[in-house]
**Q** 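Got a structure for you, written out below as structure tokens; questions coming shortly.
Here is how names work: the chains are called A, B, and so on, in the same order as the sequence lines, proteins then strands, and each is numbered from 1.
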2 protein chains.
Amino acid sequence: MTDGTRSTPATLHDVAREAGVSLATASRTLNGSTRKVNEQYRTRVLEAAARLDYSPNLSAQAVARGASTTVALLVADIADPYFSSIAAGVVAEADLERLIVTMAATQRDPERELELVRALRGQRPRVMILASSRRTDEPTDGPLAEELAAYERAGGRVVLISRNEYDLRTVLLDNRAGAAALATALVELGYRRFAVVTAGEGLRTARDRLAGFREGLAAAGIELRDDDVVRGEFTRDGGYEATTALLERGLDGVEAVFAVNDVMAVGALSAIRDAGLEPGVDLAVAGFDDIATVRDVTPPLTTVRVPLEQIGRRALRLALDDADASGREPSAAAPDAVPTEVVVRASTPGPRRR
Amino acid sequence: MTDGTRSTPATLHDVAREAGVSLATASRTLNGSTRKVNEQYRTRVLEAAARLDYSPNLSAQAVARGASTTVALLVADIADPYFSSIAAGVVAEADLERLIVTMAATQRDPERELELVRALRGQRPRVMILASSRRTDEPTDGPLAEELAAYERAGGRVVLISRNEYDLRTVLLDNRAGAAALATALVELGYRRFAVVTAGEGLRTARDRLAGFREGLAAAGIELRDDDVVRGEFTRDGGYEATTALLERGLDGVEAVFAVNDVMAVGALSAIRDAGLEPGVDLAVAGFDDIATVRDVTPPLTTVRVPLEQIGRRALRLALDDADASGREPSAAAPDAVPTEVVVRASTPGPRRR
DNA sequence: CTGTTAGCGCGTTCAG
DNA sequence: CTGAACGCGCTAACAG
């Protein structure tokens with residue numbers, strides 16, 4: 001365990017002494033903004049710092065400066081590719097700004113989310129990004145809003161991903177329009193009877209995608225029957241189970257199923273296969289998100305592409321740019337939605353000829 | 001944007017004043033270790049804190065206490081399911097200890113990794129977990145070791161995942177044994193001619209798995225020809241391309257291919273299919289890791305199960321428990337490897353009868 | 001340009 | 001058990 005006497009890390013004070021200069025000079029050359037330090041001293045400080053292996057204490061800097069270099073990210077589930085892709089984007093962009101990202105997972109529990117926001121606030125992060133999927137029936141809705149408002153009042157920047165709520169900055173994801181476009185595309189392929197695999201009523205994202213899909217069908221004069229909407233957890237297993245239930249009930253003419261996200265859609269594929277049917281042929285499948293794995297399942301999945309990583313980058317940008325240009329009208333005024341795109345693959349080859 | 005006058009967050013000072021007590025008393029009831037505060041005062045402070053929506057400044061606490069409540073996690077790529085699963089475990093376990101996790105991505109660049117370790121050290125994290133895949137040819141090897149040693153000397157705890165190096169705490173993953181066991185299982189299934197899809201020579205994990213596989217075959221009297229080892233990036237696309245190259249070169253009797261991780265294996269499946277062959281039938285495929293998606297590809301993938309999330313949890317535990325029981329012999333003394341298990345699925349049905 | 005000094009928000013002695 | 005005072009590591013005026 002790398003033994004050796006336990007020494008405390010070198011402080012700025014140590015560096016100053018070692019270099020024979022004042023604390024202020026050391027601070028200026030090491031962390032000060034505009035360089036105004038004699039080259040002579042400058043190099044001496046730098047050398048001393050290197051010799052002592054000095055690393056500035058970020059906490060102390062934060063206290064002194066009254067501002068941290070941290071951004072907090074809240075997701076529902078880190079292992080879910082939807083969130084991990086967004087996280088990758090946030091981290092990549094934060095890196096450019098030399099910001100540190102702290103991450104927490106709500107597990108889709110509103111109470112936990114509130115707790116986490118409270119805890120994370122203690123960090124005084126510059127930005128707080130909420131990508132955790134919100135619910136419509138949130139009992140903690142009021143407290144959360146209040147918490148976020150307080151955080152903003154204290155100079156923090158909140159960015160919501162996907163849902164436009166609370167009058168806060170938002171990276172808008174037009175779930176309705178995307179789902180509607182998908183519906184249109186499927187109808188164009190020749191499908192007429194649909195089922196939807198979705199999550200519990202509470203989840204906004206799921207609800208919006210279902211609504212959009214329904215609208216898209218309606219525009220083509222097709223009605224989605226309530227009986228043909230099955231529900232499960234917002235996970236792979238949830239998709240598997242809901243689809244299994246659908247198959248057991250009997251397809252009754254349903255030609256294609258839309259799973260409100262790719263993770264569920266992938267579960268649907270397996271459920272279909274495990275039921276002895278051939279996905280795509282016996283029942284077409286479409287998803288939403290275009291996560292990486294959908295290219296590699298069989299058949300490759302038709303879906304709505306969402307630039308996940310870009311969304312993460314954009315979320316951070318939104319908060320940062322807005323902070324720079326404070327005084328301007330808030331950029332949330334015109335939150336153009338992130339563009340989505342229907343990607344047709346082999347899981348929806350068109351209805352089989354009878 | 002939630003307007004209203006910008007106010008600074010309430011400080012402990014504010015709470016004390018509001019409650020009509022001293023700073024010390026407020027500190028004691030709010031964050032103090034053992035409670036020794038008059039119930040009278042206690043409630044007054046608590047109420048004042050609630051009224052002011054007080055949230056302790058973690059940076060200030062860290063400075064005052066000389067210890068943070070942070071754990072730093074370094075991974076190669078956040079969007080990669082291997083790492084995001086580990087991250088999920090770390091975050092889950094950290095949550096139990098009310099620790100905050102900060103995350104950074106090295107993108108498999110040793111220079112970046114070193115930079116990041118340096119930067120992260122500024123946070124004075126209690127624990128630093130390196131899950132980023134290490135290379136064998138690291139030019140930054142010395143500096144990194146030195147950096148980590150300095151961090152440990154300052155009281156930090158380093159945990160390495162998968163590779164036993166530098167004489168540091170390690171969550172050992174026996175890649176060799178796992179790959180050897182897989183080789184044995186495949187031989188038992190009847191396969192005799194193998195190819196391996198692996199990454200560049202540099203990556204430890206890839207190298208160890210290849211070596212283990214080779215050993216496993218050797219134990220059965222089968223030799224893996226160098227010609228039958230193809231290389232690509234350590235990603236899905238890398239697996240796809242390497243496999244494509246293998247197919248173009250001509251299988252020449254090869255019956256099964258072992259991709260050194262599941263992500264590559266999934267790419268291999270698609271490559272085989274895109275070449276007009278049937279994975280499993282024309283060429284068997286096996287991977288390593290047992291990431292979530294391999295159950296849903298076709299055919300489901302034979303692989304070596306690695307308890308990714310548990311590894312994350314265990315990494316943090318290792319550092320924390322070790323810190324508590326300092327004085328005992330370091331637990332790295334007996335770093336039992338995480339158990340792996342061969343999972344045979346349909347991608348290796350056994351060689352076809354000729 | 002440099003050094004001195006006063007904070008930043010908080011934990012923790014140390015006397016009362 | 002309470003409060004006053006000092007210190008943590010660092011930045012930012014402020015004088016020189």
Side-chain angles (χ1 to χ4, degrees), chain A residues 7-46 48-49 52-70 121-126 154-156, chain B residues 7-46 48-49 52-70 121-126 154-156:
Chain A
S7 61
T8 31
T11 98
L12 189 57
H13 196 100
D14 300 333
V15 176
R17 194 155 36 79
E18 172 88 3
V21 301
S22 78
L23 232 173
T25 303
S27 173
R28 282 192 272 256
T29 97
L30 255 17
N31 316 311
S33 41
T34 39
R35 54 189 167 88
K36 315 174 173 183
V37 179
N38 183 317
E39 195 55 30
Q40 183 107 346
Y41 284 157
R42 189 179 163 66
T43 54
R44 270 169 55 189
V45 171
L46 257 20
L52 267 41
D53 195 17
Y54 170 72
S55 165
N57 185 322
L58 294 184
S59 292
Q61 284 192 160
V63 179
R65 288 188 173 136
S68 76
T69 56
T70 285
R121 200 149 81 83
Q123 283 204 67
R124 306 285 184 272
R126 274 243 261 280
Chain B
S7 61
T8 30
T11 97
L12 190 57
H13 198 97
D14 300 333
V15 175
R17 195 154 35 78
E18 171 87 3
V21 301
S22 79
L23 233 166
T25 304
S27 172
R28 282 191 271 255
T29 98
L30 256 17
N31 317 308
S33 39
T34 39
R35 55 187 164 91
K36 313 176 175 182
V37 179
N38 185 316
E39 196 54 32
Q40 183 106 347
Y41 285 154
R42 188 178 165 67
T43 54
R44 270 169 56 187
V45 170
L46 258 19
L52 268 43
D53 195 18
Y54 170 73
S55 164
N57 185 321
L58 293 183
S59 293
Q61 284 192 163
V63 181
R65 288 190 172 130
S68 76
T69 56
T70 285
R121 199 147 81 83
Q123 283 206 62
R124 305 287 184 273
R126 274 244 260 281

**Q** On DNA chain D, does the nearest nucleotide to A64(B) precede the nearest nucleotide to S22(B) from the 5' side, or the other way round? Give the residue.
**A**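 The 5'-side residue here is S22(B).
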
**Q** Between T11(A) and dC10(D), is there a side-chain N or O to OP1/OP2 distance below 4.0 Å?
**A** yes

**Q** Assign each of L23(B) and R124(B) to its nearest nucleotide of DNA chain D by heavy atoms, then name whichever residue's nucleotide is nearer the 5' end.
**A**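 Whichever sits nearer the 5' end wins; that is L23(B).
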
**Q** With a 3.5 Å cut-off and just heavy-atom distances, do the side chain of R28(B) and the base of dG3(D) make a donor-acceptor pair?
**A**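 Between dG3(D) and R28(B), which were checked side chain against base, a qualifying N/O pair under 3.5 Å is present.
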
**Q** So if I take every side-chain heavy atom of V37(B) and compare against dG9(C), dT2(D), dT2(C), which nucleotide ends up nearest?
**A**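 It is dT2(D).
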
**Q** Between dG3(C) atom P and L12(A) atom CG, what is the distance in whole Å?
**A** 13 Å

**Q** Return the value, rounded to whole Å, for the distance between atom CD of Q123(B) and atom C1' of dG9(D).
**A**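 The answer, rounded to whole Å, is 16 Å.
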
**Q** Please tell me which of the listed nucleotides, dG3(D), dG9(D), dC10(C), lies nearest to the side chain of V21(B)?
**A**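 The listed nucleotide nearest to V21(B)'s side chain is dG3(D).
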
**Q** From the options dC1(C), dG9(C), dC1(D), select the nucleotide whose nearest atom is closest to the side chain of N38(B).
**A** dC1(D)

**Q** Find out whether L46(A) and L30(A) are in side-chain contact, i.e. whether some heavy atom of one side chain is under 4.5 Å from a heavy atom of the other.
**A**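 Yes, side chains in contact.
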
**Q** Under the criterion side-chain contact (heavy atoms from CB on, under 4.5 Å), I'd like the reasoning laid out for R28(A) against V21(A): C-alpha separation, chi angles, the key distance, then a yes or no.
**A** CA-CA 11 Å; R28(A) 282 192 272 256; V21(A) 301; over 6 Å; no

**Q** Choose from dT11(D), dG9(D), dT2(C) the nucleotide whose nearest atom is closest to any side-chain atom of N31(A).
**A**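 The nucleotide sitting nearest to the side chain is dT11(D).
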
**Q** Nearest whole angstrom, please: distance from the P of dC1(C) to the CD of E39(A).
**A** 12 Å

**Q** Among dC10(D), dC8(C), dG3(D), find the nucleotide with the atom closest to the side chain of A24(B).
**A**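 Of the candidates, dG3(D) comes closest.
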
**Q** Quick one: label S27(B) by what it contacts on the DNA or RNA (base, sugar-phosphate, nothing), any heavy atom closer than 4.0 Å.
**A** base

**Q** Specify the separation, in whole Å, of atom CD of Q40(B) and atom C1' of dC1(D).
**A**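 After rounding, the reported distance stands at 13 Å.
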
**Q** When you get a sec, tell me which of dT2(C), dA12(D), dT12(C) is the closest nucleotide to the side chain of R65(A)?
**A**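 In terms of side-chain proximity for R65(A), the closest of dT2(C), dA12(D), dT12(C) is dA12(D).
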
**Q** Once you round it to whole Å, what is the distance between C1' of dG9(C) and CG of L58(A)?
**A**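 So the CG-C1' distance, L58(A) to dG9(C), works out to 17 Å.
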
**Q** To the nearest Å, give me how far apart CD (Q61(B)) and C1' (dG9(D)) are.
**A**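 From Q61(B) CD to dG9(D) C1': 16 Å.
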
**Q** Rounded off to whole Å, could you give me the CG-to-C1' distance for the L30(A) and dG9(D) pair?
**A**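 After rounding, the gap between these two atoms is 13 Å.
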
**Q** Please tell me if the side chains of T11(B) and N57(B) come closer than 4.5 Å, counting only heavy atoms from C-beta onward.
**A**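 Sidechains of N57(B) and T11(B): no contact.
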
**Q** Taking the side chain from R124(A) and the backbone from A67(A), do they hold a donor-acceptor pair closer than 3.5 Å?
**A**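 Checking the backbone N and O of A67(A) against the side chain of R124(A), no donor-acceptor pair under 3.5 Å is found.
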
**Q** Could you measure the distance from the CG atom of L58(A) to the OG1 atom of T70(A)? Nearest 0.5 Å is fine.
**A** 7.5 Å

**Q** Measure CZ/R42(B) against P/dT2(D) and give the value in whole Å, please.
**A** 11 Å

